[in-house]
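Keep in mind it's a predicted model, so treat the numbers as computed, not measured. Within every chain, numbering begins at 1; the chains are lettered A, B, ... in the order of the sequence lines, protein sequences first and strands thereafter.
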2 protein chains.
Amino acid sequence: MSQFLIRKLEHYARLSAGEKESLETLTQLRTRRVRPRDDIIHEGDAPTLINVVLEGWACRYKTLEDGRRQIIAYLLPGDVCDLSAPILREMDHSIAAITSVTLAEITVEAVGHLFAASPRLMQALCWDALATASIQREWTVNVGQRTAFERLGHLLCELFVRQRLLGLTRGGVCDLPLTQAEIADTIGLSVVHVNRTLQDLRSAGLISLGGRELTIHRLEALQRAVLFNANYLHLGHEGRHLDAPVPASS
Amino acid sequence: MSQFLIRKLEHYARLSAGEKESLETLTQLRTRRVRPRDDIIHEGDAPTLINVVLEGWACRYKTLEDGRRQIIAYLLPGDVCDLSAPILREMDHSIAAITSVTLAEITVEAVGHLFAASPRLMQALCWDALATASIQREWTVNVGQRTAFERLGHLLCELFVRQRLLGLTRGGVCDLPLTQAEIADTIGLSVVHVNRTLQDLRSAGLISLGGRELTIHRLEALQRAVLFNANYLHLGHEGRHLDAPVPASS
DNA sequence: CGAGCGCTTGAGTTCCCTCAATGGTAGTGG
DNA sequence: CCACTACCATTGAGGGAACTCAAGCGCTCG
């Protein structure tokens, strides 16, 4: 079930069979299911366990006192909710399930042992955390500088590419279990305007969207149209230098 | 000269005299000056040294192909530019000096030794990195959800509070060496609109701004007006559990 | 003293928002 | 099986926030 986490980390550095097995075991010990729209962790909590998404979509979000809500990240299978829990005590934002979500719950101690046993695994997870931070920066750029059309297209590109990485796309098609209201809260637009901007993207022949499924007809063209540059996802296997030695058999 | 870094880290956890001395030494070994507007690190670089701001203001920024620029963070004295350099190879954004900046340049190895000798120092710096990530999330909320008035007020609040933390404020007054164009690129507004929104803040009696100096007349009122909640800065000394033992003399 | 830069102001326009109403679909219960 | 509800997507109309363009003013600096 932690195939997605492993698959993602392998984009950073090659892991040894033992490391993969450790991850596999660790994420199977204890799991939890969360229903759509329920909170996984709430702002102000001091989580004692580290949560990893095994299945389903979740989001980080913050709300202002008057109810305005901003979604600040999407968590896909393989994403870690709160590796920082042992250091920063209090959550400064909430995490909610979007679809039904299956989580692995891992103790801080178990992660400590894992890291002690395999520094490479620690580095791979640090890498992942840094890539996450990079995504956050790109989102600031997205809402700060891009037009509605570009913002929306950029978000769709990102979600498609991230899923492709996990092997969750089927040709140019991928899941998109978001309502237009959630998209609106993500890119800082009103629902009405998201709806109209989606129509613009559709009539430009770039995408189809409906029934929780997104089709990107011409990824290259979409990327150019919305100034999407995947560098910020750090997927170029730049972490080669961390690779585990290749077994003699291969 | 690394007084600011130490001062900041002490908001997270109490450091021992030896730890402070190590930091002091490390940041004095090799320094570098950068002129206003010059790049400190450029996107695509693979930095070999870790830079710490000792003096002056800098900013992280990203530019789109067509020239639009988004400032994604401000670096004040004591801020670390790129602790992640040893892990993520390539910079996905640039860092530029705003004022004259003095940097400490530290080798990756030296930091490695420091962390090995003092796990608490490593944790404190991790804490700092996590607080930085939290600021980034709040900025996404800022540009995504807040009105121009709130965005601008929120930014000013943050810069004031962060400087106060470093002992860089004088009553309700602090430095603000930013042009309106830089502010515009930070909060995703046009220069003209920043100018008009500043006037709104002034005529509301909340601030004075001019000559690179910001005065906040009623911080409480400003915080309320722009929905500023300092939690996201993680300054509540939540890191008590990491404290060094208090010397017997105190 | 001219040049450059940053701040300010006015006028007109565009993008995006709010309000309001409608239709489709899925789930619920009688 | 069909009302009933809730939620989501969609559309129209009108308004307001923020943008662009353009010009003028006051610094500072070579």
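With sequence neighbours excluded, no residue forms a side-chain hydrogen bond (donor to acceptor under 3.5 Å, both in side chains) with A:T197. In this structure, B:Q163 has no side-chain hydrogen bond (donor to acceptor under 3.5 Å, both in side chains) partners at least two apart in sequence or on a different chain.
Rounded to whole Å, the distance from CG on A:L178 to P on D:dC7 is 18 Å. B:L176 has its CG atom 14 Å from the C1' atom of C:dG6, to the nearest Å. Residue A:R196 contributes atom CZ, which lies 12 Å from atom P of C:dT18 at whole-angstrom precision. One can place CD of B:E150 at 13 Å from C1' of D:dA17, the figure rounded to the nearest angstrom.
No engagement by A:R151 is indicated, since no non-hydrogen atom pair under 4.0 Å with the nucleic acid exists.
Residues B:P77 and B:E55 fail the side-chain proximity criterion, which asks for heavy atoms closer than 4.5 Å.
In terms of modelled atom types and a separation under 3.5 Å, the side chain of A:R60 and the main chain of B:R137 share no donor-acceptor contact. Using modelled atom types, one side-chain atom of A:D79 and one backbone atom of A:L76 make a donor-acceptor pair closer than 3.5 Å.
Taking only side-chain nitrogens and oxygens, A:N195 never comes nearer than 4.0 Å to OP1 or OP2 of D:dA9.
For the pair A:R170 and A:E213, the salt-bridge criterion is met [side-chain N within less than 4.0 Å of a carboxylate O].
In the set C:dG6, C:dA11, D:dC7, C:dG6 carries the atom at the smallest distance from any side-chain atom of B:T179. For B:Q180, the side-chain atoms get nearest to C:dT8 when compared with the rest of D:dA9, C:dT18, C:dT8.
The two atoms that bring B:R212 and B:P177 nearest to each other are NH2-O, 3.5 Å, heavy atoms only. Heavy-atom minimum distance, A:I216 versus A:L156: CD1-O, 4.2 Å.
Remark: of the listed residues A:I50, A:L49, A:V34, A:V34 is the sole one forming a side chain to side chain contact (heavy atoms under 4.5 Å, CB included) with A:L103. With A:Q145 as the partner, the side-chain hydrogen bond (donor to acceptor under 3.5 Å, both in side chains) test is satisfied by one option alone out of B:R69, B:K62, B:Q70: B:Q70.
Using a 4.0 Å cut-off on heavy atoms, the residues of residues 183-193 of chain A that approach DNA chain C are A:G188, A:L189, A:S190, A:V192, A:H193, listed by number. Looking at residues 197-218 of chain A, you'll see that no heavy atom sits under 4.0 Å from any atom of DNA chain C.
Screening residues 168-214 of chain A for ring-ring contact (aromatic ring centres under 6.0 Å, His included), with sequence neighbours left out, gives no hits.
Taken over five-pair windows at either terminus, the axes of the helix from C:dC1-D:dG30 to C:dG30-D:dC1 are inclined to one another by 40° (rounded to 10 degrees).
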